[in-house]
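All chains are named by letter (A, B, ...) in the order of the sequence lines, taking the proteins before the strands, and each is independently numbered beginning at 1. Only this structure's heavy atoms are used, side chains among them; waters, hydrogens and symmetry mates stay out. Predicted model only: the values in this text are computed from it and were never measured.
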Number of protein chains: 2
Amino acid sequence: MDKRELLLDTALRLFVEFGFHATPTSKIAKQAGIANGTLFYFFSTKDELIKALYVDIKSRMTAYILETIKDETSLYGIIKGYYSAPLYWALEHKTEFQFVTQFSNSPYLNQIAADEIQKHIQPFLDIITRGVQEGVLKPIDVDIIFALIRGHTFSINQYLIEKPFPKAEQDKVIDETFYLLWGMINNR
Amino acid sequence: MDKRELLLDTALRLFVEFGFHATPTSKIAKQAGIANGTLFYFFSTKDELIKALYVDIKSRMTAYILETIKDETSLYGIIKGYYSAPLYWALEHKTEFQFVTQFSNSPYLNQIAADEIQKHIQPFLDIITRGVQEGVLKPIDVDIIFALIRGHTFSINQYLIEKPFPKAEQDKVIDETFYLLWGMINNR
DNA sequence: TTAGTGACTGACTAAACAGTCACTAAAATA
DNA sequence: TATTTTAGTGACTGTTTAGTCAGTCACTAA
């Protein structure tokens, strides 16, 4: 791991544990075993570091999701992937997921360009639109369906964090909650 | 509005706009037109102010929800109330709701005693438990049902913020999304 | 009328902070 | 080999910060 990565990794853990306000750059550098000035060599300001961390994590998560669904052909399979892949990723990357949640619900999110966010969700919106057009999904506003699926993911992630299960049971929870979700949006 | 309230109100708006890290106590006092020292007369530290604000808002929201559902007798009505009342409250108190969201997803939440949180949600958990026992709700883990309802509320709140509708249409969205939610958890 | 109280003030301070800068050591390029 | 670029250092600084404190003032009640 090079020093830039090491800084990002250390910052991640400190931000999640103490919050942005209570994590000085000096503490990040010290804990990473890297000189103070090096942090500012890689990131011009503390805010830049925070934003870079978000973009970095977000793109890794997106890559994982796209990799997971790449062989799915049915709408059902793709939507299930978009629901469950983030959950599996979150279980393996708890701190990262928590950071993204923290960041997304803070005023920092406004500092990320709208199209940077849009580009991550657009493919999924297209899929939902197709689902509605083909009559597989209920004829509801696409943004509502999107919000519901995403909300479902966050809810169940929260549930799985608060009640840690063995792996096999986790899979069962994810499967069964998708079944509930699918029942809600699917056009029977 | 007395000075304590004025400070809380000013802090609320600044925290939501700039975040905890970028809102110094001096800025809060100045913007409220109150002396610096007065802030520390009412709140011993900045952290205390932040926590007091959370507790204050949370209890006002809970009071509103309980008031809304107090005459409901059916499980259907109560659960609908627990879903929709926060949404109506959030629409009238956007900044407050955003603050609670921001706070809840930050490490500050850990500083709030677990039983302080529990006391707000316990009555609702009891209702859900009754619903499952009576066979009105699907036989699923009560905490899952709770997580799903709460997640639904957050999702639709987000949707309503991003797509502002006229009042009549808002009501329609809330009603129809509750219908979807009810279909998912109700034991047909 | 005096003594006390609680709300409130704003100048002040010590510590902490983000960010700078002059400097190296090593690697890439010429 | 000589020169430039890149990665990295850590002591330093100017500013900002949370929090303090000595004191004012309106009011109360004995």
Reckon A:Ser44 touches a base, only the sugar-phosphate, or nothing at all at heavy-atom distances under 4.0 Å?
nothing
B:Ile174 versus B:Ser84, closest heavy-atom pair with distance
CG2-CB, 3.7 Å
DNA chain D base-pair string [pairs: Watson-Crick or G-U under 3.5 Å; |: paired with another strand]
||||||||||||||||||||||||||||||
Could you pull out the closest heavy-atom pair between B:Ser155 and A:Gly151, with the gap in Å?
OG-CA, 3.1 Å
Check the surroundings of atom NZ in B:Lys163: do more than 12 heavy atoms from other residues, nucleotides or ligands lie under 6.0 Å from it?
yes
Given side chains that start at C-beta, do those of A:Ile57 and A:His93 come closer than 4.5 Å, heavy atoms only?
no
Residues at least two apart in sequence or cross-chain that pass salt bridge (charged side-chain N to carboxylate O under 4.0 Å, His left out) with A:Lys138, listed by chain then number, are none
Nearest-angstrom distance from the residue atom CG of B:Leu14 to C1' of D:dA18
16 Å
When the ring centroid of A:Phe97 is compared with that of A:Phe154, is the distance short of 6.0 Å?
yes
Treating primed atoms plus P, OP1 and OP2 as sugar-phosphate and everything else as base, which nucleotides of nucleotides 4-17 of chain D get B, S or - for protein heavy atoms under 4.0 Å?
--SBBBB------S
For atom CZ of A:Phe20 and atom P of C:dA18, their distance in whole Å:
13 Å
If you count every heavy atom of other residues, nucleotides or ligands that lies below 6.0 Å from A:Tyr179 atom OH, does the total exceed 12?
no
Whole-Å distance, A:Glu48 CD to C:dA18 P, equals 15 Å
Tell me whether B:Lys30 at atom NZ has more than 12 heavy atoms from other residues, nucleotides or ligands lying less than 6.0 Å away.
no
